[in-house]
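In what follows, a structure is listed as structure tokens, so that the remarks can point back to it.
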Amino acid sequence: MADSGIAAKTKAIYGTFLKKSDYDTLIQRTSVSAVTAYLKNVPAFKETFAETDESTIHRGELEDILNEHIFRTYMRIRKFSPDRKNGILDFYIKKCEAEQVIKLITAIASGNQQSFFLGFPVYFMDYMSFDADEASSVQTLRELARVLDNVKMYKPLVPFLEAENPDINRCITVVNSCYLSWIFGVINRDFRGRRREQLKQFFLRKTDMDNILLSYRLKKFFDEDEERIRELMLPFHYRVKPADIDDALRSQYPTDALIKLMCDRCVPQSITIDDRFPELAATRSHYEFFRHRLALTCDETESVVSLIVLLETQRTNLQKIIEGIRYGEAPSEIEKLVII
């Protein structure tokens, strides 16, 4: 199938997304059951929720179903691509796997492995690049290192897991870096010239925002020093370099300077940044960029990446609604967090 065929499919799927009228209705619901009952009658979610009993569903179960909905949607599109195994369109499989590795690391570190395995997405089992059954028996991070030792993507992580006192936050940074290294390795292998650089930038634009937001949180909430912040940043950059963040951290008001840096380099002027919730501006910026790209592109990689970002934003909207209902927030307050 030609690139334009994949692009057409992604555009058609985006056309089934929840509309403002749907969100206006959902934020008026008063329970997870009521939200689920509504989604069961939305065409895009009918199949996903067909076997769900809304009378007994809880928040965690609903979020698991929404995650599976994204993965199943991705796999339906992925099968139409003619590229060979381990091509760039495997990006979402690798992203999901990296997320599971991070969850496993934090579960082991907290001695709560059981909760991880009880919540492991069974539908993802066949796509792991390492033995999930073997991973299910590990009790320590050193044992996990042995499971991952033969997996090329996670080789850089092994020394951190084997350390005498593993730095969990550093391990998380390394996992995310391994994922991005895999992406750029595939792009370098399969693409050339201007197209190669365009694809790298397509994936890189988010790392700038991630690094700024990480620095903001670490400084504002934990008062971490520059060296520690630099240690936990992703080692990939687009328009925002480490020196830019260093300069912001050295300013008289570092958190304000970081917000300004995000505004100047990453967020369109049309988006207002609330320094209490800078993540909201970041998410809105990504949503607008990838929605625009999905509308214009005929490239299969850009189409699929854009659709995944938009699907994840839709899932986040529903999670915010559920969370707002749980804590009794007024619909007008929940509405501020919904991105459409």
Side-chain angles (χ1 to χ4, degrees), residues 94-117 119-120 129-130 135 138-149 151 153-184 203-204 206-238 240-250 254-255 257-259 261-262 266 275-280 282-283 286 312 316 319:
K94 296 299 183 183
K95 180 177 185 291
C96 291
E97 180 179 271
E99 290 171 350
Q100 292 304 316
V101 170
I102 288 172
K103 288 180 180 178
L104 180 54
I105 289 172
T106 55
I108 293 171
S110 63
N112 197 22
Q113 295 95 315
Q114 186 177 13
S115 66
F116 168 79
F117 294 113
F120 182 82
S129 62
F130 55 91
V138 302
Q139 298 296 315
T140 67
L141 293 177
R142 190 174 292 273
E143 290 176 10
L144 179 60
R146 288 197 288 271
V147 173
L148 299 177
D149 191 44
V151 183
M153 178 172 166
Y154 297 110
K155 282 282 187 181
L157 175 63
V158 171
F160 292 91
L161 297 176
E162 292 180 333
E164 188 67 29
N165 294 298
D167 182 335
I168 303 305
N169 288 323
R170 188 73 186 279
C171 287
I172 291 171
T173 297
V174 174
V175 173
N176 287 323
S177 298
C178 287
Y179 163 65
L180 289 168
S181 294
W182 177 87
I183 283 179
F184 298 131
F203 284 96
L204 273 175
K206 187 174 183 297
T207 63
D208 281 353
M209 195 82 81
D210 289 342
N211 280 332
I212 293 175
L213 287 172
L214 174 72
S215 302
Y216 177 85
R217 293 188 198 103
L218 290 175
K219 192 65 183 178
K220 181 172 183 177
F221 299 111
F222 302 99
D223 196 28
E224 295 282 8
D225 59 32
E226 294 172 34
E227 182 177 353
R228 177 59 172 169
I229 291 173
R230 197 180 302 112
E231 190 176 61
L232 295 179
M233 285 169 53
L234 293 167
F236 300 97
H237 315 281
Y238 179 31
V240 178
K241 310 303 181 188
D244 298 321
I245 293 180
D246 285 347
D247 288 344
L249 291 171
R250 294 189 191 107
T255 54
L258 286 164
I259 290 293
L261 179 61
M262 185 169 76
C266 305
D275 61 7
R276 295 172 302 164
F277 309 109
E279 294 87 350
L280 192 60
T283 304
H286 288 313
E312 290 182 329
T316 300
Q319 289 172 328

Would you say that [X] contacts [Y] through its side chain, given a criterion of any heavy-atom pair below 4.5 Å between the two side chains?
| X | Y | value |
| --- | --- | --- |
| I168 | L141 | yes |
| M262 | P278 | yes |
| L249 | I245 | yes |
| I102 | N176 | yes |
| R170 | L232 | yes |
| Q100 | F116 | yes |
| T207 | L204 | yes |
| L148 | K155 | no |

Hey, mind stepping through K95 and E99 against salt bridge (Lys or Arg N to Asp or Glu O under 4.0 Å) and telling me if it holds? CA-CA 6 Å; K95 180 177 185 291; E99 290 171 350; 2.8 Å; yes
Angle class for the F184/F236 ring planes (parallel below 30°, perpendicular above 60°, tilted otherwise)? tilted
Worked verdict on R228 versus D225 for salt bridge (Lys or Arg N to Asp or Glu O under 4.0 Å): CA-CA 6 Å; R228 177 59 172 169; D225 59 32; over 6 Å; no
For F160, all residues meeting ring pair (Phe, Tyr, Trp, His ring centres under 6.0 Å), sequence neighbours excluded: none
Would you say [atom1] of [X] has more than 12 non-hydrogen atoms from neighbouring residues, nucleotides or ligands within 6.0 angstrom?
| X | atom1 | value |
| --- | --- | --- |
| F221 | CZ | yes |
| K103 | NZ | no |
| K219 | NZ | yes |

Can you measure from [atom1] ([X]) to [atom2] ([Y]) and round to the nearest 0.5 angstrom?
| X | Y | atom1 | atom2 | value |
| --- | --- | --- | --- | --- |
| L218 | N169 | CG | CG | 7.5 Å |
| Q113 | T106 | CD | OG1 | 10.5 Å |
| K94 | M153 | NZ | CE | 6.0 Å |
| K206 | L213 | NZ | CG | 8.5 Å |
| D210 | E279 | CG | CD | 10.5 Å |
| I105 | L157 | CD1 | CG | 5.0 Å |

Nearest heavy-atom pair of [X] and [Y]: which atoms, and what distance?
| X | Y | answer |
| --- | --- | --- |
| R142 | A163 | NH2-O, 4.1 Å |
| A248 | A257 | O-CB, 3.6 Å |
| V175 | A98 | CG1-O, 3.6 Å |
| M233 | T173 | O-CG2, 3.5 Å |

Q319 vs T316, test: side chain to side chain contact (heavy atoms under 4.5 Å, CB included). Steps then yes/no. CA-CA 5 Å; Q319 289 172 328; T316 300; 4.1 Å; yes
Between Y154 and E97, do the side chains contain an N or O donor and an N or O acceptor separated by less than 3.5 Å? yes
Start with the C-alpha distance between E227 and R230, add both sets of side-chain angles, then the distance that settles salt bridge (Lys or Arg N to Asp or Glu O under 4.0 Å), and finish with yes or no. CA-CA 5 Å; E227 182 177 353; R230 197 180 302 112; over 6 Å; no
Could you check D167 against E231 for side chain to side chain contact (heavy atoms under 4.5 Å, CB included), going step by step and ending with a plain yes or no? CA-CA 11 Å; D167 182 335; E231 190 176 61; 4.2 Å; yes
Give a yes or no on whether the backbone of D244 and the side-chain of D247 come within a donor-acceptor separation of less than 3.5 Å. no
Measure from the side-chain N and O atoms of D208 to the backbone N and O of V240, and report whether any donor-acceptor pair falls under 3.5 Å. yes
